[in-house]
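Everything numeric here is computed off the predicted structure, so don't read it as measured data. Chain letters run A, B, ... following the sequence lines, proteins first and then strands; every chain starts at 1.
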Amino acid sequence: MTVRTRFAPSPTGYLHIGGARTALFNWLHARHHGGAFVLRIEDTDLERSTPEAVNAILEGMAWLGLDYDEGPFYQTQRFDRYREVIHQLLESGHAYRCYCSKEELEAMREAQRARGEKPRYDGRCRERTDFPQGEEPVIRFRNPREGQVVVEDLIHGRIVFDNTELDDLIIARADGTPTYNLTVVVDDMDMKITHVIRGDDHINNTPRQINILKALGAPLPKYAHVPMIHGENGRKLSKREGAASVLEYRDMGLLPEAVLNYLVRLGWSHGDQEIFSPDEMIRYFDIQDVNKAASALNQQKLLWLNQHYIKTLPVEHIARHLRWHLGRLGIDTNTGPELERIIEAQRERAKTLRGMAENSAFFYQEISAYDEKAARKHLVAETEPLLNELKAAFGKLPEWSAERLHAVIQSTAEKHGLKLGKVAQPLRVACSGGTVSPPIDITLELLGREKVLKRLEDAIEFIRSSQL
RNA sequence: GCUCCCAUCGUCUAGCGGUCUAGGACGUCGCCCUCUCACGGCGAAAACCGGGGUUCGAGUCCCCGUGGGAGCGCCA
């Protein structure tokens with residue numbers, strides 16, 4: 001039987017890091033087995049679902065490169081089918097109408113809690129034969145009252161639930177709309193899902209879903225419940241430390257390759273290997289190797305991976321992403337050096353593409369203001385003659401190359417009995433606006449003679465005017 | 001409260017009864033390289049939650065405890 005997995009987010013928020021990993025594992029499992037990966041949007045909660053969230057999910061998946069073979073399917077478009085199944089369940093006696101009011105149910109739960117019991121529906125409408133007028137009933141699934149449900153989880157192993165722990169859950173609301181546990185079951189059945197890979201917060205839903213599946217006479221999928229992801233502090237994921245949209249990771253300047261690599265290593269490993277290309281992930285991934293314990297997010301490692309990919313991915317590939325980030329900063333890359341050359345010069349000193357874009361802005365646009373501290377230290381009276389001298393020498397250079405530039409800087413430093421840094425730093429501040437840039441000779445070469453001379457002139461002017 | 005899940009360095013993890021004086025990675029701390037920031041190189045500190053079993057032998061299996069987490073909605 002061919003493997004079929006699905007990712008079934010509810011569009012009530014953005015695609016966060018935990019959801020992204022669930023999607024990734026489903027995708028990997030399907031790809032590894034040459035099966036199909038289905039995307040299903042669980043939007044039955046009309047109140048909380050939004051089209052923006054749907055878009056964020058779709059966009060996030062696209063950015064990560066998690067392509068699906070079928071879907072996106074929307075549950076709101078399948079209400080007729082759910083109604084049909086609910087009827088079927090009613091007909092076969094696997095479901096019944098419940099006329100209990102919300103207040104009544106709340107009172108019941110209250111009493112159970114007071115007795116130290118687990119709150120659950122006691123089945124008081126189970127055998128009811130009268131049909132009160134007025135009240136619209138909900139439909140409940142008639143859960144078996146004896147025996148056990150055994151889940152053979154691919155990650156956790158055997159998990160056993162007593163049916164007495166389960167109650168008769170609502171499968172249709174009073175307004176006739178289906179609830180989660182019903183729609184999941186119907187969809188997984190109809191879409192012939194063979195492997196349900198989801199967060200382990202769903203473990204407790206599994207026996208209920210299995211019972212419904214059995215009542216429907218449907219084959220049972222295999223289950224794999226992946227551990228949760230916690231925030232940096234080891235506690236529940238909060239918005240600011242990763243629950244944010246994966247699109248925010250994109251905006252932050254991360255490469256999808258890095259995010260994917262980071263996510264796959266959260267709860268899964270292949271010996272001591274740290275770096276995985278998508279192809280390698282697909283080749284080595286086995287859902288059974290996934291860990292059982294929750295793992296905490298570690299931004300440092302994510303950034304390290306990002307830097308790794310910035311350093312090693314083909315320059316043209318980085319260029320596509322960097323251009324996008326420069327664009328966001330309002331920078332037109334036609335006004336300066338070739339982007340690929342910037343990347344070669346910058347890739348070893350950037351943790352994020354956004355940082356790289358910011359640090360490369362001076363190649364394309366004028367320096368709006370010198371870094372204050374840097375100017376105070378390097379653009380001072382003592383350095384003015386130095387800059388003057390360099391400017392004159394640069395102006396006469398027969399060839400504008402890093403080698404020639406380096407020679408000039410070197411000899412200037414020697415002539416004044418200075419270490420290279422004493423000359424390089426003022427130059428750097430004058431030409432880049434700050435104290436950080438690629439090696440000075442390369443920076444100058446990339447900038448071009450015209451801009452360098454102009455900026456030296458501006459710097460000299462700056463020194464003079466700040467002395468008044 | 002009840003049910004279920006989980007437990008190796010700060011973090012991600014290797015380990016699937018002997019090869020563990022517990023390996024790798026991020027981070028941290030030294031040293032080297034160096035025109036800035038970085039990259040890189042070398043090195044160091046750092047963990048089997050506790051207690052009982054099983055076994056010739058336990059990080060690895062079982063039980064209990066402790067500590068985390070999830071679920072218990074006419075949310076998904």
Side-chain angles (χ1 to χ4, degrees), chain A residues 8-12 42-45 47-49 75 98 100-102 105-106 109 112-121 136-140 151 153 155-156 159-162 164-167 169-175 177 179-181 183-184 199-207 225 227-228 230 232 234-236 262 265-275 291-305 307 311 346-351 359 374 378 406 409-410 413 418-425 427-429 432 434-441 443:
Chain A
S10 67
T12 53
E42 310 216 323
D43 54 353
T44 53
D45 185 345
E47 298 286 301
R48 299 194 301 153
S49 299
Q75 293 193 319
C98 167
C100 298
S101 68
K102 288 181 183 177
L105 295 174
E106 193 39 55
R109 282 193 280 263
Q112 287 164 331
R113 259 187 252 272
R115 271 179 269 133
E117 291 170 14
K118 177 201 278 198
R120 75 252 263 191
Y121 183 63
E136 275 305 316
V138 298
I139 313 288
R140 286 185 186 271
V151 183
D153 193 279
I155 293 170
H156 293 272
I159 307 173
V160 181
F161 297 86
D162 280 327
T164 51
E165 290 299 330
L166 276 22
D167 64 358
L169 62 295
I170 293 174
I171 55 176
R173 304 182 182 95
D175 66 4
T177 59
T179 61
Y180 169 75
N181 278 300
T183 59
V184 176
D200 66 14
D201 49 338
H202 283 287
I203 286 182
N204 291 296
N205 284 325
T206 306
H225 287 95
M228 304 274 83
H230 290 159
E232 302 262 358
R235 306 202 48 97
K236 202 172 168 177
Y262 180 74
R265 283 284 291 102
L266 227 46
W268 177 83
S269 62
H270 181 70
D272 285 339
Q273 189 169 339
E274 295 287 350
I275 305 299
N291 278 167
K292 295 190 269 199
S295 43
L297 235 38
N298 184 198
Q299 180 113 310
Q300 299 293 342
K301 189 156 184 180
L302 213 202
L303 288 173
W304 172 76
L305 276 165
Q307 185 169 38
K311 280 185 309 197
Q346 295 281 44
R347 69 195 322 188
E348 285 187 349
R349 64 202 85 241
K351 277 195 155 32
N359 291 335
H378 298 291
H406 188 84
I409 298 165
Q410 184 90 292
L418 295 169
K419 295 220 282 193
L420 198 55
K422 292 288 180 192
V423 179
Q425 279 308 77
L427 241 186
R428 180 170 274 121
V429 177
S432 77
T435 54
V436 176
S437 87
I440 193 63
D441 46 0
T443 300

- Query: Would you call A/Leu169 and A/Tyr180 a side-chain contact if the rule is heavy atoms closer than 4.5 Å?
  - Reply: no

- Side chain of A/Asp201, base of B/G71: donor and acceptor closer than 3.5 Å? no

- Query: Which nucleotide in the set B/U3, B/C37, B/G24 lies at the smallest distance from any side-chain heavy atom of A/Val436?
  - Reply: B/C37

- Looking at every strand, decide which applies to A/Asp162 at a 4.0 Å heavy-atom threshold: base, sugar-phosphate, or nothing. nothing

- Message: Considering every strand and a 4.0 Å limit on heavy-atom distances, what is the contact class for A/Ser295: base, sugar-phosphate, or nothing?
- Response: sugar-phosphate

- Message: Has A/Thr435 got a side-chain atom pairing as donor or acceptor with A/Ala374's backbone, closer than 3.5 angstrom?
- Response: no

- Task: Could you give the distance separating B/U66 and B/C29 at their P atoms, to the nearest angstrom?
- Result: 39 Å

- For B/G18 and B/A25, measure between their C1' atoms and round to the nearest Å. 27 Å

- Item | Touch class at under 4.0 angstrom, heavy-atom based, for A/Ser437 against every strand present | base

- Message: For a quick check of understanding: with a heavy-atom distance under 4.0 Å over all strands, which category does A/Glu117 fall into, base, sugar-phosphate or nothing?
- Response: base

- Query: Are A/Thr177 and A/Asp175 close enough that a side-chain donor and a side-chain acceptor fall under 3.5 Å?
  - Reply: yes

- So which nucleotide from B/C74, B/U3, B/C5 ends up closest to the side chain of A/Ile170? B/C74

- Hey, is the side chain of A/Arg113 poking within less than 4.0 Å of OP1 or OP2 on B/C2, counting only N and O atoms? no

- Query: What distance, rounded to whole Å, do you find between the two P atoms, one in B/G73 and one in B/G67?
  - Reply: 26 Å

- Base, sugar-phosphate, or nothing: which does A/His225 touch, judged by heavy atoms less than 4.0 Å apart? nothing

- Task: Using both distances under 3.5 Å as the test, list the Watson-Crick or G-U wobble partner of B/A7, or none.
- Result: B/U66

- Item | Atom P, compared across B/G23 and B/A45: separation rounded to whole Å | 11 Å

- Query: B/C6, B/C74, B/C39: which one has an atom nearest the side-chain heavy atoms of A/Ala293?
  - Reply: B/C6

- Nearest listed nucleotide, side chain of A/Gln425, among B/C35, B/C39, B/C6: B/C35

- Message: Under 3.5 Å for both donor-acceptor distances, Watson-Crick or wobble: does B/C35 have a partner, and if so which one?
- Response: none

- Item | Distance-only donor-acceptor check, side chains A/Arg428 and A/Gln425, under 3.5 Å | yes

- Message: Using a 4.0 Å heavy-atom cut-off, does A/Pro9 contact any base of the nucleic acid, only the sugar-phosphate backbone, or nothing at all?
- Response: nothing

- Does B/U19 pair with anything, Watson-Crick or G-U wobble, both distances under 3.5 Å, and if so, with which nucleotide? none

- If the C1' atom of B/C9 is compared with that of B/U13, how far apart are they to the nearest Å? 11 Å

- Here the distance between atom C1' of B/G10 and atom NZ of A/Lys301, to the nearest Å, is 13 Å

- Of A/Met228 and A/Phe161, the one whose nearest nucleotide on RNA chain B sits closer to the 5' end is A/Phe161

- Task: Scan A/Arg48 against the nucleic acid and name what it touches under 4.0 Å (heavy atoms): base, sugar-phosphate only, or nothing.
- Result: base

- Item | Residue met sooner reading RNA chain B from 5', once A/Gly267 and A/Ala350 are mapped to nucleotides | A/Gly267

- Item | Whole angstrom value for the distance that separates C1' of B/C2 from CG of A/Asp167 | 13 Å

- Residue A/Lys292, side-chain heavy atoms: nucleotide from B/U13, B/C6, B/C72 that is nearest: B/C6

- Task: Starting at atom CD of A/Glu165, determine the distance to atom C1' of B/C5, rounded to an integer number of angstrom.
- Result: 15 Å

- Task: With C1' as the reference atom in both, quote the distance from B/G52 to B/G30 in angstrom, rounded to an integer.
- Result: 44 Å

- Please work out whether B/C39 sits syn or anti, treating a glycosidic angle within 90° of 0 as syn. syn

- Could you walk me through whether A/Thr443 and A/Ser437 pass the side chain to side chain donor-acceptor pair (under 3.5 Å) check? CA-CA 7 Å; A/Thr443 300; A/Ser437 87; 3.1 Å; yes

- Message: Within the 4.0 Å heavy-atom criterion, would you say A/Arg265 contacts the bases, only the backbone, or no part of the nucleic acid?
- Response: base

- Ignoring the backbone of A/Lys118, work out which of B/C35, B/C12, B/G1 is nearest its side chain. B/G1

- Provide the Watson-Crick or G-U wobble partner of B/G71, both distances under 3.5 Å; none if there is no partner. B/C2

- Item | Distance, C1' atom - from B/G40 to B/A47, rounded to whole angstrom | 29 Å

- Could you check whether A/Ile440 gets within reach of a base, just the sugar-phosphate, or nothing at all, counting any heavy atom under 4.0 Å? base

- Note on the structure: Exactly one candidate in A/Asn204, A/Thr206, A/Asn205 meets side chain to side chain donor-acceptor pair (under 3.5 Å) with A/His225; the answer is A/Thr206

- Message: Please pick, from B/A76, B/C74, B/C26, the nucleotide with the shortest atom-to-atom distance to any side-chain atom of A/Trp304.
- Response: B/C26

- Main-chain N/O of A/Met228 paired to A/Asp201 side chain as donor or acceptor, under 3.5 Å: no

- Note on the structure: When both distances are under 3.5 Å in a Watson-Crick or G-U wobble arrangement, the nucleotide paired with B/U28 is B/A44

- For A/Asp441, answer base if it contacts any base atom (sugar-phosphate contacts may also be present), sugar-phosphate if it contacts only those atoms, and nothing otherwise; contact means non-hydrogen atoms under 4.0 Å. base

- Message: Quick check for you: among B/G1, B/C5, B/C35, whose closest atom lies nearest to any side-chain atom of A/Pro439?
- Response: B/C35

- Query: Is a donor-acceptor pair below 3.5 Å formed from side chain A/Arg428 to base B/C35, judging by atom type as modelled?
  - Reply: yes

- Classify the nucleic acid contact of A/Gln307 as base, sugar-phosphate or nothing, counting any heavy atom under 4.0 Å across all strands shown. sugar-phosphate

- Message: Quick one: does any side-chain atom of A/Tyr121 pair with a main-chain N or O of A/Leu105 as donor and acceptor, under 3.5 Å?
- Response: no

- Query: Expressed as a whole number of Å, how far does the P atom of B/A22 sit from that of B/C16?
  - Reply: 16 Å

- A/Asn204 has its side chain closest, among B/U3, B/A76, B/C72, to B/U3

- Message: Please determine whether the number of non-hydrogen atoms from other residues, nucleotides or ligands lying under 6.0 Å from atom NZ of A/Lys419 exceeds 12.
- Response: no

- Complementary nucleotide of B/A58, counting Watson-Crick and G-U pairs under 3.5 Å: none

- Among B/A14, B/C26, B/C37, find the nucleotide with the atom closest to the side chain of A/Arg349. B/C37

- Is A/Lys311 touching bases, backbone alone, or none of the nucleic acid, heavy atoms closer than 4.0 Å? sugar-phosphate

- Message: So A/Glu274, base contact, sugar-phosphate only, or nothing? Heavy-atom distance under 4.0 Å.
- Response: base

- Query: Reckon A/Thr44 touches a base, only the sugar-phosphate, or nothing at all at heavy-atom distances under 4.0 Å?
  - Reply: sugar-phosphate

